[in-house]
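Here is the structure we will look at, set down as structure tokens.
Everything quoted here is computed from the prediction, not taken from an experiment. Computed from heavy atoms alone, side chains included, the values below leave out hydrogens, waters and symmetry copies.
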Protein chains: 2
Amino acid sequence: MGSHSKNKNVTVLDVAKVAGVSKSTVSLVLTQSEKVSEKSKLKVQKAMDEIGYVYNRDAASLRSRRSNLVAIVINDLTNPYAAQLVVGLEKHISEMGLFSMIVNSGEDVERQQRLVRNLKEYNVVAFIICPAPGTTAKWTNDLNNQGFPVINIMREISGSKVPTVLPDNVNGTSLATQHLLSKGFRRIAFLGGNEAISDYHERLEGYVSAMKKGKVRSPKKYQIQSETNRHGGRQALEKALKIEPDLEAIVCFSDVVAYGAIEKMRELGKKPGKEIAVVGFDDLKDSRLMSPSLSSVKIDADKIGAATCQILKKIREQKKPRSKILVDIELIERDSSQ
Amino acid sequence: MGSHSKNKNVTVLDVAKVAGVSKSTVSLVLTQSEKVSEKSKLKVQKAMDEIGYVYNRDAASLRSRRSNLVAIVINDLTNPYAAQLVVGLEKHISEMGLFSMIVNSGEDVERQQRLVRNLKEYNVVAFIICPAPGTTAKWTNDLNNQGFPVINIMREISGSKVPTVLPDNVNGTSLATQHLLSKGFRRIAFLGGNEAISDYHERLEGYVSAMKKGKVRSPKKYQIQSETNRHGGRQALEKALKIEPDLEAIVCFSDVVAYGAIEKMRELGKKPGKEIAVVGFDDLKDSRLMSPSLSSVKIDADKIGAATCQILKKIREQKKPRSKILVDIELIERDSSQ
DNA sequence: ATATTTGTTTGGAACGTTCCAATAGCTATC
DNA sequence: GATAGCTATTGGAACGTTCCAAACAAATAT
């Protein structure tokens, strides 16, 4: 039966006493200083194990005026790509010796604002934000000017001065569209997404420019907006088929939208990949394994994480980071677009 | 142009000076004490706005020996139900005036251990853990005895003394199976899940007992384990049809497994809901909107969150919490099982 | 008028760490 | 053998808050 009491904590002083050194030496060990002898280091570590010492980050952070917390403010945890992204970010952040504080804005600007206000109180190293729709440049800039480094990811805020990490959206849908054109498809629609988010405009632009470059007719009505979830995909496909019964292929705003569209095709008796070719965006884990396997534009969450941490490193070194990193994408051709 | 400097922070002393009160009074306002006059309170709040004061939780937490952080250690953020669960938990936790620290073990015990070791350093109020397979009772008990309250959710650890919140798994699959039996199906298989996790055993038990109660043959070979993702569902269904070509219905370990199974059916030319009835578990948001809409056993993430916080409240009040809360489930009948 | 109660406000100490400047213990140099 | 130049170690102060016991102010009771 262990002790439930929290009356008296084990502190560096206790460690110091047991190890036979001063508290300062213990502190040097804790901060992994170079200038502590191997002998002292071992003594201290042994003492810590022995008496069950737990480092108190509150005290450390208070005194040193820097924490090891990085805030990740994600737009929607229940979106599978967002979840994948968080995992990728977390990995790189922890490799930097930092700890991620993940919060979910749920695409709600006010909630986002509230969360960030709270997170400031923890003295976080930086805010990594995938901004909710409606986030203003002023807000991100103000936050930055208050001394909190901000990095925007996935979505761009026009006028914002904070460094931003983005996938090469334009190139992504452009490659996807070119791929479909090269397979001989002509009546190609763009499904899903909505104007409130910057990536919609970029992905749409890639599609439009590729169609133009291919000299293929692409009327406005081929651009069908929807919610960026499965249900949105279903609705968008239904609408698309009403507008263009001879639809040959679709470029989707995201894999999730593609999933919905494929479901709807089946419901309407159209064979996905056979009668209507499909390319998604994100390349979720499931896309490789479904049937037909889904062609998709892969955004490597690991690369996004790496790029974000590259900026984070610069910031910690007090150097000026690159203001924008475009992470390259890759078109993965699978059965849904043959 | 704001100041980038962090040389000198604005503290309670500055607020006190501006408000014309003592730092102690400012502190009382910050901790929302009853015994500060309305007049002082307003003066202090005005002063805080005026000079842009940011509360320093490190200092507060250090002095008061209690933080407002609750650790949520989730098994797999990329699992859609887990993400939904986190959102439900977060809501209730924030309603208690606490802040969630979400970390992802990725079903890896060692990573889980490392994360918890780190989180201890933040002096968290409690650990809410959906334990990775392989988590031992000793580990959770030790953690608890060290003075860190632990609450297990979704998965039970036999021999563990920590309070646990679970959905009524047995009843869930039992209802699902009874429902299929009442529709006249007889050759009903149980698909997905694996023995490393406690909920598998419970869900399997519900199915087995309902089949027995219905006096319907249910050989061991009707129980087909798999990974608990989409791909696992696909494989499980394929295997099931090899073993029993005249399969009439399936009870799935989770909705995600059901999604995979449904995909595979389509690939093999079997109509889900028409030729093979399907019931899932979790009731993900998508399940309502897909086609055919998926019957499922709903675990209300909000209820799990509420039950967990009920325990958390008891713990904070130093009272003994209930050692186990069984959250009721609900069978949602939709088109996939008519 | 004085004593008592009630309710607010207050300065000093404390939380557990890191920072800093000073010191001690070396070794190498002259 | 004295001095300089390292390197490793050290005690005291500081970070910004809350706790505590004491002081004060206002209202009520005697």
### Task
Give a yes or no on whether a salt bridge exists between A:Arg111 and B:Glu90, defined as a side-chain N under 4.0 angstrom from a carboxylate O.
yes
### Task
Answer yes when A:Lys41 and A:Glu34 have at least one side-chain N-carboxylate O distance shorter than 4.0 Å, and no when they do not.
no
### Query
Would A:Asn9 and A:Thr11 count as having a side-chain donor-acceptor pair, cut-off 3.5 Å?
no
Within this structure, what is the [atom1]-to-[atom2] distance between [X] and [N], rounded to whole angstrom?
{"X": "B:Lys23", "N": "C:dC15", "atom1": "NZ", "atom2": "C1'", "result": "14 Å"}
{"X": "A:Tyr55", "N": "C:dC15", "atom1": "OH", "atom2": "P", "result": "18 Å"}
{"X": "A:Leu62", "N": "D:dC15", "atom1": "CG", "atom2": "C1'", "result": "4 Å"}
{"X": "A:Asn68", "N": "C:dT17", "atom1": "CG", "atom2": "P", "result": "15 Å"}

### Query
With a 3.5 Å cut-off and just heavy-atom distances, do the side chain of B:Arg63 and the base of D:dT18 make a donor-acceptor pair?
yes
### Donor-acceptor pair under 3.5 Å, B:Ser24 side chain vs C:dG11 base
yes
### Task
Select base, sugar-phosphate, or nothing to describe what A:Ser40 touches, counting heavy atoms under 4.0 Å on all strands.
sugar-phosphate
### Side-chain heavy-atom pair A:Gln112, A:Ile129 within 4.5 angstrom cut-off
yes
### Task
Determine: side-chain N/O of B:Ser37 to OP1/OP2 of C:dG7, distance under 4.0 Å, yes or no.
no
